[in-house]
Amino acid sequence: DSHKHKDKHKDKEHKHKEHKKDKEKDKSKNSNSEYRDFSEKKHKDKEKDKVKHKDSSSSEKHKDKHKDKEKHKEEKSKFSSDDFKVKKEKENGFSSPSCNRSENEDDCLFSIKEDKPLKRHRDNDEDIAYKPKKIKTEDEKREKKRKQEVENDKSKKKSKDKGAMGEGKKKKMKKEEEEKWKWWEEERHPEGIKWKFLEHKGPVFAPAYERMPDKVKFYYDGKTMKLSLGAEEVATFFAKMLDHEYTTKDIFRKNFFKDWRKEMTSEEKSTITSLDKCDFGEMHQYFKAQAEARKQMSKEEKQKIKEENERLLQEYGFCMMDNHRERIANFKIEPPGLFRGRGNHPKMGMLKRRIMPEDIIINCSKDSKVPVPPPGHKWKEVRHDNKVTWLVSWTENIQGSIKYIMLNPSSRIKGEKDWQKYETARRLKKSVEKIRSQYREDWKSKEMKIRQRAVALYFIDKLALRAGNEKEEGETADTVGCCSLRVEHITLHPEIDGQEYVVEFDFLGKDSIRYYNKVPVEKRVFKNLQLFMENKQPEDDLFDRLNTSILNKHLQDLMEGLTAKVFRTYNASITLQQQLKELTSPDDNVPAKILSYNRANRAVAILCNHQRAPPKTFEKSMQNLQVKIDAKKDQLVDARRELKSAKADAKVRRDEKSKKTVESKKKAVQRLEEQLMKLEVQATDREENKQIALGTSKLNYLDPRISVAWCKKWNIPVEKIYNKTQREKFAWAIDMADEDFEF
DNA sequence: CTCTTAACTTAGCATTGAGGTC
DNA sequence: GACCTCAATGCTAAGTTAAGAG
């Protein structure tokens with residue numbers, strides 16, 4: 001019975017894909033419905049449920065499905081929890097405005113043409129002062145801002161920096177200054193110029209392939225076979241991955257085998273014709289043993305390796321940019337291996353080839369010491385382009401895209417950009433209301449294009465969706481963002497669960513992470529969506545007259561520097577600020593306040609759909625924590641009892657010593673209570689965080705000055721919020737934000 | 001306008017190693 | 001001192017955006 005279901009399931013899916021194919025370039029896609037673990041499961045369950053409804057049966061499998069379904073529901077509600085939405089809507093100013101304009105307006109016919117470019121006035125008086133060139137104005141604005149801030153700071157700085165500094169001291173100061181250079185207090189480069197001087201040592205290449213010992217055999221069709229150097233290297237890539245599920249996937253195996261054969265000698269090629277007959281078992285074991293041996297290394301050996309790494313870092317991990325030694329982010333070239341795309345990627349398993357000096361383009365100053373290629377090699381090119389920030393680039397062979405070596409987030413060049421990003425988001429804050437009322441107006445436009453644009457923008461604003469560029473079919477996993485949503489990704493519910501006009505989203509977004517959400521929308525949006533979906537197939541674009549380019553051009557007209565992603569930054573940051581205000585209780589102790597911070601952070605992560613697979617050891621670590629809590633509770637009970645008896649004792653004895661005992665017992669109880677509290681808070685935090693990743697929003701979406709201000713206001717050490725790396729990245733914010741900072 | 005490409009940001013997972021526990 | 005755990009870090013894929021060619 002269950003077998004039949006599976007078949008049906010497959011069949012259905014197959015059809016679904018087939019259908020798609022008609023429209024798109026014929027691509028022989030496998031009906032294998034493997035999304036990555038986390039998203040995949042739920043997705044599958046949904047499909048299963050559908051099947052289940054069709055013909056019910058009581059097999060064991062079905063019971064499981066049922067369970068899964070319940071779980072699924074739970075998860076759903078977690079991500080679209082009313083609690084959260086209410087809050088979010090408040091802070092975003094989405095207090096569901098009444099839309100009682102005549103309904104009929106909506107349904108009027110559209111003129112198919114007449115591109116009347118909706119002229120928008122620059123509403124921001126500050127903006128008027130901007131020059132037309134967008135980047136420039138952005139820079140100027142910041143320039144202005146910085147100068148102002150420097151001005152404000154001057155008195156403070158003067159005495160430190162310049163004021164009482166004798167010639168003798170200068171050298172010492174310079175060195176110290178070097179350690180923590182405050183680039184944010186300095187003049188910026190003119191527009192478009194990224195640096196004036198750049199010198200570095202070039203990349204570190206992946207170590208050359210080392211042959212396996214002869215005793216480690218590879219077998220083909222049961223017979224041992226000595227592979228040639230090239231073929232062996234590629235074989236080891238596969239052998240190392242044998243534990244991974246994806247080495248069982250058809251696409252992966254097919255791609256790998258195809259690329260592997262390219263590396264074989266003609267002899268090998270004629271012998272090895274089927275991957276299924278390959279036995280990498282011994283190789284696999286060998287690498288496992290190697291890994292184990294590495295773990296078992298003595299302290300000295302480990303120390304040696306560490307020192308070697310440090311040497312490498314010191315030599316290649318830094319560059320000189322404009323008189324400052326700056327950390328490079330990724331100075332090591334990606335080693336060869338098998339490509340593993342995320343989600344159901346058509347290219348998984350392909351060989352990522354080794355990058356050679358001849359592939360490398362070096363970028364540095366003309367007047368710098370140009371890095372020297374490894375002996376016997378030369379660079380592909382050396383250029384001197386100070387309009388870009390990268391030091392090294394090469395073209396990767398899977399997608400043919402360019403990869404770069406750039407600077408660490410703590411560098412001036414990255415920091416300035418980051419700061420600028422938040423300043424743009426803050427400018428959006430000033431004009432967001434106007435923009436919102438504009439797109440609400442546009443819902444009624446007689447032009448389809450404008451309506452689509454307005455609805456899409458509403459989603460981007462309200463749900464923090466990504467822009468959604470179109471992607472080349474068959475080159476990447478099938479994922480979408482706002483503009484590339486297809487009809488099959490949303491379901492309209494005129495009424496559901498007591499709510500009207502609900503849109504149910506279900507699609508795979510960036511990194512094939514599933515986005516699932518049920519959102520009540522305004523009636524006008526709902527009606528528009530119905531209209532957009534009319535006469536369309538599930539695999540058709542929802543916004544067929546829109547793409548990211550059109551959308552971003554429009555946004556550019558609304559505000560200098562405005563693009564789709566600014567909404568994500570803005571909504572994330574404003575949500576954090578708002579939630580922090582709401583959740584922080586002045587009387588709480590430090591751990592409780594940090595829990596509040598994490599909850600605010602969490603609200604943002606939910607908004608931005610930053611998920612993670614629950615850690616493999618989650619259940620266990622949760623249990624461990626519970627054990628600790630229970631133990632602490634027992635201790636507390638004991639301590640209280642002891643305190644009580646000590647008190648009784650003191651009452652009788654009335655001497656100093658017993659009084660002291662009471663005091664110390666009291667202290668012990670207090671300490672235990674505090675410890676217990678801390679543990680419980682930790683447990684709550686961890687539980688709530690099971691499948692939510694806070695890091696991404698913290699690092700990329702939340703204006704660090706909000707967090708810094710919060711820390712200062714409540715006297716929380718920033719170290720509790722930002723670890724060392726994060727503090728380096730956000731040094732500018734930690735230095736400049738005071739407790740009154742308002743995003 | 002469409003298509004392509006370069007440059008840069010954002011993303012989650014795997015590995016590592018510091019610091020705690022046994 | 002061995003072992004364990006989880007946060008930090010490393011890695012690199014997958015997005016966004018602007019610009020330029022056709």
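Below, chains carry the letters A, B, ... as their sequence lines are ordered, and counting in each starts from 1. All values derive from a computational prediction rather than experimental measurement.
- Residue A693(A) is out of contact with every strand shown, counting any heavy-atom pair closer than 4.0 Å.
- Atoms CD (E728(A)) and P (dG10(C)) sit 10 Å apart, rounded to a whole Å.
- DNA chain B is contacted by both C608(A) and N309(A); C608(A) maps to the nucleotide lying nearer its 5′ end (nearest heavy atom per residue).
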- Residue pair R427(A), E423(A): steps toward the salt bridge (charged side-chain N to carboxylate O under 4.0 Å, His left out) verdict: CA-CA 6 Å; R427(A) 279 197 287 121; E423(A) 287 309 313; over 6 Å; no
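- Using bins of under 30°, 30° to 60° and over 60° for the plane-to-plane angle, the ring pair W379(A)/F205(A) lands in the parallel bin.
- Note on A564(A): only backbone sugar-phosphate atoms sit closer than 4.0 angstrom, heavy atoms only; bases stay farther off.
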- Query: How far apart are the C-alpha atoms of R412(A) and E326(A), what are their side-chain angles, what is the distance that settles it, and do they pass the salt bridge (charged side-chain N to carboxylate O under 4.0 Å, His left out) test?
  - Reply: CA-CA 8 Å; R412(A) 180 214 103 224; E326(A) 300 248 53; 5.2 Å; no
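- OP1 or OP2 of dG15(C) lies within a sub-4.0 Å distance of a side-chain N or O belonging to K471(A).
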- Where along nucleotides 5-10 of chain B does protein come under 4.0 Å, by heavy atom, of base (B) or sugar-phosphate alone (S), with - for untouched nucleotides? -SBBSB
Could you go over nucleotides 4-6 of chain C and give all protein N or O partners under 3.5 Å, atom names and distances?
unit_1: dT5(C); atom_1: OP1; unit_2: K620(A); atom_2: NZ; d: 3.4
unit_1: dC6(C); atom_1: OP1; unit_2: R686(A); atom_2: NH1; d: 3.4

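- The interatomic distance linking K304(A) (NZ) with dG17(B) (C1') rounds to 21 Å, in whole Å.
- Contacts of R568(A) classified as side-chain contact (heavy atoms from CB on, under 4.5 Å), with partners at least two apart in sequence or in another chain: A464(A), R466(A), C608(A), H610(A), Y701(A).
- No contact: G481(A) has no heavy atom under 4.0 Å from any strand.
- A search for salt bridge (charged side-chain N to carboxylate O under 4.0 Å, His left out) contacts involving R327(A) returns nothing, not counting sequence neighbours.
- With sequence neighbours excluded, the residues forming a salt bridge (charged side-chain N to carboxylate O under 4.0 Å, His left out) with K724(A) are E728(A), listed by chain and number.
- The shortest distance between the side-chain N/O atoms of K306(A) and the OP1/OP2 oxygens of dA18(B) is below 4.0 Å.
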Scan the side chains in residues 309-319 of chain A for donor-acceptor partners under 3.5 Å anywhere in the protein, sequence neighbours excluded, and list what turns up.
unit_1: E310(A); atom_1: OE2; unit_2: Q314(A); atom_2: NE2; d: 2.7
unit_1: R311(A); atom_1: NE; unit_2: E308(A); atom_2: OE1; d: 3.3
unit_1: R311(A); atom_1: NH1; unit_2: E315(A); atom_2: OE1; d: 3.3
unit_1: R311(A); atom_1: NH2; unit_2: E308(A); atom_2: OE2; d: 3.1
unit_1: Q314(A); atom_1: OE1; unit_2: R325(A); atom_2: NH2; d: 2.7
unit_1: E315(A); atom_1: OE2; unit_2: K201(A); atom_2: NZ; d: 3.2

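- Contact annotation: N723(A) does not reach the phosphate of dA7(C) (side-chain N/O to OP1 or OP2, under 4.0 Å).
- Below 30°, between 30° and 60°, or above 60°: for F238(A) and F256(A) the angle between ring planes is below 30°, a parallel geometry.
- Remark: N469(A) is in phosphate contact with dT16(C), judged by side-chain N or O atoms under 4.0 Å from OP1 or OP2.
- The backbone N or O of A477(A) lies less than 3.5 Å from a partner atom in the side chain of K471(A), making a donor-acceptor pair.
- For residues 343-352 of chain A, the set of pairs meeting the salt bridge (charged side-chain N to carboxylate O under 4.0 Å, His left out) definition, not counting sequence neighbours, comprises E334(A)-K352(A), K347(A)-E475(A).
- Distance L338(A) CG to dT12(C) C1': 15 Å, rounded to the nearest Å.
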Please write out each protein N/O paired with an N/O of nucleotides 19-22 of chain B under 3.5 Å, distance rounded to 0.1 Å.
none

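- Every residue two or more places apart in sequence or in another chain that forms a side-chain contact (heavy atoms from CB on, under 4.5 Å) with M677(A) is listed here: N589(A), V681(A).
- Across all strands, G695(A) comes closer than 4.0 Å to no nucleic acid atom at all (heavy-atom distances).
- Taking D544(A) as the reference, K536(A) meet the salt bridge (charged side-chain N to carboxylate O under 4.0 Å, His left out) condition, with sequence neighbours excluded.
- Considering only side-chain N and O atoms, K352(A) lies under 4.0 angstrom from the phosphate OP1 or OP2 of dA13(C).
- Phosphate proximity of dT17(C) to N552(A): present, with a side-chain N or O under 4.0 Å from OP1 or OP2.
- Within 4.0 Å (heavy atoms only), P409(A) reaches no atom of the nucleic acid at all.
- Under the side-chain contact (heavy atoms from CB on, under 4.5 Å) criterion, V392(A) pairs with H200(A), P203(A), I360(A), I362(A), W394(A), I405(A), not counting sequence neighbours.
- The side-chain heavy atoms of I193(A) and K387(A), taken from C-beta on, include a pair separated by under 4.5 Å.
- For I721(A) and dA7(C), the CD1 to C1' distance is 15 Å, given to the nearest whole Å.
- Proximity of Q726(A) to the phosphate of dA7(C): no side-chain N or O atom is located under 4.0 Å from OP1 or OP2.
- Among the atoms of the strands shown, only primed sugar atoms or phosphate atoms (P, OP1, OP2) are found under 4.0 Å from some heavy atom of T479(A).
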Give every pair of a protein N or O atom and an N or O atom of nucleotides 20-22 of chain C that lie under 3.5 Å apart, one pair per line with the distance.
none

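- The aromatic rings of Y246(A) and H244(A) sit parallel, their planes meeting at an angle under 30°, below the 60° perpendicular limit.
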